[in-house]
2 protein chains.
Amino acid sequence: MVDRLASYPRPLVTELEDSTPSLVTRLFLCGRGRDRMSEDERLALDDAMDYRRTVEPRQIIVHRDELVNVSTYLISGYICRYMDDREGHRQLVAVHVPGDFVDLHAFPMKRLDHDVATLGVAEIGIFQHDTLAALGRDRPHLMRMLWYSTLLDSAMHREWIFRLGRLGALGRVAHFFCEIDARLAMIGQADDHRFSLPLTQADLAEATGLTGVHVNRTLRRLREEGLMSFRNGEVEIHDIARLGRVGEFEPNYLYGDPVAA
Amino acid sequence: MVDRLASYPRPLVTELEDSTPSLVTRLFLCGRGRDRMSEDERLALDDAMDYRRTVEPRQIIVHRDELVNVSTYLISGYICRYMDDREGHRQLVAVHVPGDFVDLHAFPMKRLDHDVATLGVAEIGIFQHDTLAALGRDRPHLMRMLWYSTLLDSAMHREWIFRLGRLGALGRVAHFFCEIDARLAMIGQADDHRFSLPLTQADLAEATGLTGVHVNRTLRRLREEGLMSFRNGEVEIHDIARLGRVGEFEPNYLYGDPVAA
DNA sequence: CGGCTTGTTGACCTAATTCAACCACGGTGG
DNA sequence: CCACCGTGGTTGAATTAGGTCAACAAGCCG
């Protein structure tokens, strides 16, 4: 039942070539353990998707505390998760890129402790929890891969705790962009450390625990020091090595596949 | 395996009564969904434990990046998880109380992105991943309960992100103690909001993203305002309602069982 | 055109850090 | 027994990172 197909490390770019590249879920765990899923499991997961739909920017997909019996897989676009304080100030707790199973944790939990919303336009796939439960009865290993994917979120949460607890403003912003860059790279969407990210400076503030004003000043510093620029949703990282040092970015928490030299 | 009849000291209140109160894992998910586990599943989980051992205070149990094939269940005492920044400053990412499956995420992940260490003396139970995998083949629902327990950690991580991102020093410390209090209450170990917690002020600083000095001043304020006191590892919460308001503590993220009125 | 959102900058303020000194306590060794 | 030391806690004074408030500019859209 386990690892029916022996797959060996390949260069990252080829890694993106799935044997069945037309799968809707082809980016799931891409670059971070997808090769541990058998062909059979990939097909089974893809089959389990109920339907797909497109969601406009800034729409709430799941409200906190609402009971849910489906989970959302992100096909394209960006989704975020956030919580509010008493006065309604937001704290982002996650940003999702294509290939992420955004709220798979709703499957065992049945309700969420936070909201889920799109950033730009997003295309999502819906999975019924009943279908997933059935999948789990027949395929314990696939179930463990799904479990694993929720634990990657957990690892990112921990890194966000670290970011907020131990880094200053410059480090926090740098770390944030390093993470997004690394995750996009794993799915082949960070071409030469450039990508678009439909966030405002206010959003960035909500992710990094700063104010909008201070994010603005921090971005200016990063720009002036030649590290990176972020203008109307377009990111260009000019010196990824230095940016990583500023953000104390150590990507092992992303559990990426060993990259071929 | 473990002698189920050799029960352990059991100072638990009545609401905690399990049908088999002598189980080593009797506190697992206690107060937060344990009733969704069948009698059969409880026994199976308890049987799956390989052995138990006692660990001295301030000992590292698992090092980051080390490959592991066992996971640790906390029977009694406290355990924390933390990460270090470049200069070696720690950031706590979790504090564990009895009944927590501390590093169950190592089962699907195989290595951890952080260290795991005891705070005071702790008694732990060891589970082989092979045994857990076998358990999963036969019992998909139990596996989902284990999955669920790792997601509770995830929810706490999110709340820690919120705490660091949106609260000031007073709120952060208040929130921290509210969480520990609530979790201990769920396992019957927060008698009238008093409990001991083997932390130093420096540890508290590492959990709340503050400096030791500032934690000291913050604790003084909490004491002076009659909210709570924390002295040599002894916590006394005098006004839980007000403390909760100060820390913007909303315990639904702990997914506790609905408390009878 | 006017009204909205997002970004930008300056002046001022405050929360938290840093640095430093000092105290209380529980060992441990002479 | 006490002197000594290390750890953890406490406090004050000086410093700084970041927040707050406010004004204004740039783009976008009805």
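Please read all numbers here as calculations on a predicted model, not as lab measurements. Labels below follow one simple rule: chain letters A, B, ... track the order of the sequence lines, proteins then strands, and each chain is numbered from 1.
Scored by the side chain to side chain contact (heavy atoms under 4.5 Å, CB included) test, B:D65 finds A:N252, B:R111 as partners (sequence neighbours excluded). Looking at residues two or more places apart in sequence or on another chain, you find a side chain to side chain contact (heavy atoms under 4.5 Å, CB included) between A:A205 and A:V215.
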Between the protein and nucleotides 21-24 of chain C, list the N/O to N/O atom pairs that are separated by less than 3.5 angstrom.
none

Pairs under 3.5 Å (N/O, protein and nucleotides 5-7 of chain C):
| unit_1 | atom_1 | unit_2 | atom_2 | d |
| --- | --- | --- | --- | --- |
| C:dG7 | OP2 | A:Q201 | N | 2.7 |

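Close to C:dT9, at under 4.0 Å from its OP1 or OP2, lies a side-chain N or O of A:R220.
Remark: the backbone N or O of A:I79 is not paired with any side-chain donor or acceptor of A:T118 at under 3.5 angstrom. The closest donor-acceptor contact from the side chain of A:D191 to the backbone of A:R194 lies at 3.5 Å or more, if one exists at all.
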| request: If a protein heavy atom is under 4.0 Å from the base, mark B; if only from the sugar-phosphate, S; if neither, -; do that for nucleotides 17-30 of chain D going 5' to 3'. | output: -BBBB---------
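Counting only residues at least two apart or in different chains, side chain to side chain donor-acceptor pair (under 3.5 Å) contacts with residues 209-231 of chain B comprise B:Q201-B:N216.
Between B:H114 and B:H105, the distance separating the two ring centers is shorter than 6.0 angstrom.
Ring pair A:F162/A:H175 is tilted by interplanar angle, where 30° to 60° counts as tilted.
Figure legend: B:R32 and B:Y255 shown without cation-pi pairing, the cationic atom not lying both under 6.0 angstrom from the six-membered ring centre and within 45 degrees of its axis.
Among A:R158, A:E159, A:E179, the one residue that satisfies the side-chain hydrogen bond (donor to acceptor under 3.5 Å, both in side chains) test with A:Y253 is A:E179.
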| query | Should A:D85 and A:R90 be marked as a salt bridge (Lys or Arg N to Asp or Glu O under 4.0 Å) after you check the CA-CA gap, both sets of side-chain angles, and the distance that decides it? | reply | CA-CA 6 Å; A:D85 73 2; A:R90 281 185 185 178; over 6 Å; no
